[in-house]
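Note sheet for the following structure.
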Amino acid sequence: MSRAIPLSVPVIQGNEWKYIKECLDTGWVSSAGGFVNKFEDMMAEYTCCSHAVATTNGTSALHISLIACGIKPGDEVIVPSLTFIATANVIKYCSAEPLFMDCDKNTLCIDTDKLREFLKENTYSAENITYNKDTKRPVRAIIPVHVFGHPADMDALLEISEHYNLVIIEDATESLASEYRGKKTGSFGNAGCFSFNGNKIITCGGGGMVVTNDDALAKRIRHLTTQARSDDVEYDHNEIGYNYRLTNIQAAMGFAQMERINQIIDTKRENALVYKNSLSGIEGLEVCWEQKWGKSNFWYITLRVPEEHKKTLSEFLISKGIQVRPLWKPLHTLPMYKNSQSYKITSAIEAYNTCINLPCSVNLTNEDIRYVSENIIGYFSNL
Ligand SMILES: Cc1ncc(COP(=O)(O)O)c(C=O)c1O
């Protein structure tokens, strides 16, 4: 009998129906209501941040954070090349320019050594602003991405941001519950952004959240996400705002999902370990693992294989009903970004050429993982 193991599907096993029904029964279905507040409070508490502001999705969370942190047309923002397209697109939404950096071989997150080298050799400082020597534009911010749930090296990034006076907006869209030296990702930068898309650790169908410890920033993000309305009664608006608020129905779902976050993370980590043990000791294969200073939520399981086998192995697994996916094409190679500045990017290309993501839904059984692993092992032993 043929099997089908999807890459990542949501698991809806808690109070989702009950809470969503409550929204429907009470008529609180739109962008105000008790569940929005509850979900925000829960996320703030969980990430140990003083504020959380819900947004329509992770992309809008990143976009609004850039605006609220003062990114202006013509500014430059440092971003890893190995990330989902949204991380760079939001920079362009601000009419700012991305500066693409390489990834670290082990974590797949931004390579902080190369970043330091770039800033040392290619920028100068004037009145506490860092300028790009080539373009003469101000470099204002870094968006580190905690790729597939593994935390980026936040100590190095905080030190760099301090030295060069750069804002940090963490793209924590994939890393809910992951930790860097015992502290939750999303809580290090000026702002941290989460996504609750259907394939994420928890989902609202679609949704996002910005967390921050900066009172003024939180207030401004809330203001901008609600069309910059400046009066509770009058339709008075003091700047151009956005309709970026999450609905109560979506928040109800997110809140129900968050009630089970510890269980979800335990399962994800157990599954990752089963994968690692099943595929260990096979020459040429490596399940990307966490660094000793990091705790990953293992949102995605990444398998490194010899380059010449990436495509054929993927095709073979798909033919067996196992949904796998390639990594993102490094963004600096895409048509919209090929003329943007990039700095010595080699590892991101290598990761793209050698890595695939394996099925990782929360409801994956040990038997599913065995089936995936046996097929991978079978592929290599039949060469
Ligand atoms: C790294 C990264 N950044 C940003 C996003 C955008 O989040 P959303 O799809 O909720 O807009 C995603 C996920 O889709 C992502 O994986």
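First listed ligand is number 1; within each ligand, the first listed atom is number 1.
The closest protein non-hydrogen atom to atom 13 (C) of ligand 1 is Lys200 NZ, 2.7 Å. Annotation: atom 2 (C) of ligand 1 to nearest protein heavy atom, Thr173 OG1, 2.9 Å. Nearest protein neighbour of atom 16 (O) of ligand 1, counting heavy atoms only, is Glu174 OE2, 2.5 Å. Among all non-hydrogen protein atoms, the one lying nearest atom 3 (N) of ligand 1 is Asp171 OD2, 2.8 Å.
Aromatic rings of Tyr242 and His63 (six-membered ring for Trp) have centroids within the 6.0 Å cut-off, being under it. Outside the 6.0 Å centre-distance limit, the rings of Trp328 and Tyr352 are not counted as a close aromatic pair.
Between His309 and Tyr379, the ring-plane angle classifies as perpendicular under the 30° and 60° cut-offs.
When each atom of ligand 1 is checked for a heavy atom of Thr83 under 4.0 Å away, the hits are 1 (C). Applying the 4.0 Å criterion to heavy atoms of Ala86 picks out, from ligand 1, the atoms 4 (C), 6 (C). Within ligand 1, counting atoms from 1 as listed, the ones closer than 4.0 Å to a heavy atom of Gly58 are 7 (O), 8 (P), 10 (O), 11 (O).
Applying the side-chain contact (heavy atoms from CB on, under 4.5 Å) criterion to Val274, with sequence neighbours excluded, gives Ser278, Asn366, Ile369.
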Query - Thr346 and Lys114: CA distance, side-chain angles, deciding distance, side chain to side chain donor-acceptor pair (under 3.5 Å) verdict - result: CA-CA 11 Å; Thr346 52; Lys114 276 192 190 167; 3.2 Å; yes

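For Lys38 and Glu259, the salt-bridge test fails: no basic side-chain N is under 4.0 Å from an acidic carboxylate O.
For Thr59, heavy-atom contacts with ligand 1 shorter than 4.0 Å involve the backbone as well as the side chain.
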Distance-only check: which donor-acceptor pairs under 3.5 Å involve side-chain atoms of residues 119-131, not counting sequence neighbours?
from: Asn122; atom 1: ND2; to: Phe118; atom 2: O; distance (Å): 3.2
from: Thr123; atom 1: OG1; to: Leu119; atom 2: O; distance (Å): 2.4
from: Thr130; atom 1: OG1; to: Tyr164; atom 2: O; distance (Å): 2.7

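Closest heavy-atom approach to atom 5 (C) of ligand 1 within the set Phe148, Trp299, Phe84, Phe196: this belongs to Phe84.
Checking only distances, Val145 never comes within under 3.5 Å of ligand 1, N or O to N or O.
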